[in-house]
Amino acid sequence: MARQKQAKSLKIRLLRAAAMHLRAANYWLTGQAMLAILRILRKLPADSALDFAARFARRFGPWTGRHRAALDNLRKAFPDKDSAEIEAIALDMWGNMARLGAEYIFLDQLYDHDPENPNAGRIEIVGEDHFREMAEEKKPHIVFTGHLGNFELLPVAAASYGLTVTSLFRPPNNPYIADYIHSTRRSTSGELVASHRGVAFALAGILEAGGNIGLLVDQKFRGGLLANFFGRKCQTNPMLAILARRFDCDVYPVRCIRLPGNRYRLEIEQKLTLARTNDGDVDVPASTQLLNDVVERWIREDPGQWMWFHRRWDTRGQRRDKARAAKAA
């Protein structure tokens with residue numbers, strides 16, 4: 001019996017090791033293919049490279065399993081739209097995602113906004129006075145956005161107005177792609193903080209020192225608060241609301257809108273009026289829902305510019321966490 005258990009344990013370890021090696025090999029192959037494509041695109045003029053990437057993705061994106069996930073999410077989010085409209089949004093999404101990937105290698109060329117001559121380049125900024133106000137104020141701020149347009153341009157834009165924003169980012173699972181993106185973002189997007197356990201303490205330290213942070217708020221967060229998004233429950237990270245409550249700092253919604261001709265509009269909206277409790281503190285659940293409402297409004301205005309293929313509404317982790325807590329109790 002003991003030998004059988006040892007043999008079974010050894011088999012499990014070998015299978016796990018084999019799976020790890022296969023995953024590593026897949027990451028390497030995928031990473032090398034992606035980097036090769038980016039090197040080829042770099043040889044083209046920026047506009048030609050972006051247009052080619054969009055055409056390629058619109059052609060081949062529908063062949064992937066993620067396309068089916070995107071269509072399913074779109075049908076549930078827009079039950080009033082017919083199949084042709086849903087398919088058109090999904091194709092726009094693939095074009096937007098491909099442009100975003102290609103734009104990493106051209107960020108230094110694409111951002112050409114001059115605050116002294118705002119109408120001269122491909123970037124237009126609406127609400128730029130908010131950037132100036134935040135830069136002049138000697139207090140912390142939080143800006144937030146979603147995966148819309150080229151959201152990477154937002155901290156670059158803030159820096160052009162003298163506002164330093166430390167951005168929280170979640171590295172891709174593929175380490176080779178993650179290294180490339182991180183090196184590109186670091187050279188163009190200012191300070192970065194990788195998402196990891198304990199990152200809230202790092203962000204709190206920045207705010208405590210009077211700094212500014214930028215957060216993406218439209219990703220699934222396992223164990224987060226259940227909130228509504230397009231009429232469906234999803235797990236949402238409450239960190240922004242918790243930090244806003246602790247430091248009582250202003251929160252600004254900021255988004256990027258992709259325009260025809262590889263142009264961009266960056267919009268800095270009025271600071272958000274967060275929900276408050278009877279004691280006057282920031283109401284974390286209600287304010288977290290407010291963030292979802294803002295992002296949903298943005299997406300509804302141009303749904304083709306958002307990532308529809310991820311598992312935003314997967315709440316299985318929430319159910320597992322509750323089950324474990326109940327069992328432990």
Side-chain angles (χ1 to χ4, degrees), residues 38 41-54 95-169 180-193 206 210-216 250-272 294 298 301-302 305:
L38 291 177
L41 291 177
R42 185 183 287 275
K43 297 180 181 298
L44 299 174
D47 288 305
S48 299
L50 302 184
D51 292 343
F52 172 80
N96 177 65
M97 295 308 302
R99 289 181 188 278
L100 176 63
E103 283 161 351
Y104 277 110
I105 61 178
F106 296 107
L107 277 179
D108 56 341
Q109 300 178 38
L110 295 177
Y111 191 82
D112 59 358
H113 182 76
D114 180 1
E116 302 303 321
N117 191 13
N119 299 317
R122 69 172 77 218
I123 308 286
E124 61 180 73
I125 297 183
V126 178
E128 59 184 350
D129 287 345
H130 296 312
F131 271 159
R132 292 193 173 96
E133 291 168 6
M134 284 187 276
E136 293 172 359
E137 291 175 339
K138 304 301 181 183
K139 64 179 185 178
H141 306 86
I142 301 176
V143 298
F144 74 90
T145 190
H147 290 83
L148 294 151
N150 189 329
F151 48 90
E152 303 288 358
L153 292 171
L154 299 174
V156 184
S160 70
Y161 287 88
L163 180 69
T164 300
V165 176
T166 299
S167 302
L168 176 66
F169 78 102
Y180 175 82
I181 291 177
H182 186 250
S183 63
T184 303
R185 295 182 69 174
R186 182 172 294 279
S187 64
T188 58
S189 301
E191 297 296 324
L192 298 170
V193 175
I206 294 169
N212 311 289
I213 62 173
L215 304 175
L216 285 157
D250 292 336
V251 176
Y252 285 84
V254 186
R255 64 168 165 170
C256 175
I257 301 171
R258 193 180 296 282
L259 302 175
N262 297 315
R263 299 180 63 253
Y264 313 84
R265 179 186 301 125
L266 308 183
E267 292 187 352
I268 308 95
E269 298 183 354
Q270 295 281 350
K271 63 183 177 182
L272 208 59
V294 171
W298 289 341
E301 291 177 6
D302 197 337
Q305 297 200 27

Subject >> Test item: L100 and R258 side chains (from C-beta on) under 4.5 Å apart, heavy atoms >> reply: yes
**OP:** Sequence neighbours left out, what passes side chain to side chain contact (heavy atoms under 4.5 Å, CB included) with R263? Give chain and number order.
**Re:** R122, E124, L259
**OP:** Evaluate the side-chain proximity of W298 to E267: yes if any heavy-atom separation is below 4.5 Å, no if none is.
**Re:** no
**OP:** Return the set of residues passing salt bridge (charged side-chain N to carboxylate O under 4.0 Å, His left out) with D51 (not counting sequence neighbours), or none when no residue passes.
**Re:** R99
Subject >> For I125 against A157, the heavy-atom pair lying closest together >> reply: CD1-CB, 4.1 Å
Original post:
Mind checking whether I257 and L148 have side chains closer than 4.5 Å, heavy atoms only?
Top reply: no
Subject >> Expected output: side-chain S167 to main-chain G214 donor-acceptor under 3.5 Å >> reply: no
Original post:
Would you say L154 and V165 make side-chain contact, with heavy atoms under 4.5 Å?
Top reply: no
Original post:
Given side chains that start at C-beta, do those of R255 and Q305 come closer than 4.5 Å, heavy atoms only?
Top reply: no
Subject >> Stepwise side-chain hydrogen bond (donor to acceptor under 3.5 Å, both in side chains) check, H113 with Y264 >> reply: CA-CA 10 Å; H113 182 76; Y264 313 84; over 6 Å; no
**OP:** Give, for atom OG1 of T145 and atom CG of L216, the distance between the pair rounded to the nearest 0.5 Å.
**Re:** 6.5 Å
Original post:
Does a side-chain heavy-atom distance below 4.5 Å link I268 with V143?
Top reply: no
**OP:** Please determine if D250 and K139 form a salt bridge, counting it only when a charged side-chain N lies under 4.0 Å from a carboxylate O.
**Re:** yes
Original post:
Rounded to the nearest 0.5 Å, how far apart are CD of Q109 and CG of D47?
Top reply: 9.5 Å
Subject >> Closest heavy-atom pair and its distance - A102, L50 >> reply: CB-CD2, 3.6 Å
Subject >> Nearest non-hydrogen partners of G95 and A54, listed with the distance >> reply: O-CB, 3.9 Å
Side chains of residues 129-137: which donor-acceptor pairs under 3.5 Å do they make with residues two or more places apart or in other chains?
{"unit_1": "D129", "atom_1": "OD1", "unit_2": "R132", "atom_2": "NH1", "d": "3.4"}
{"unit_1": "E137", "atom_1": "OE1", "unit_2": "H141", "atom_2": "NE2", "d": "2.6"}

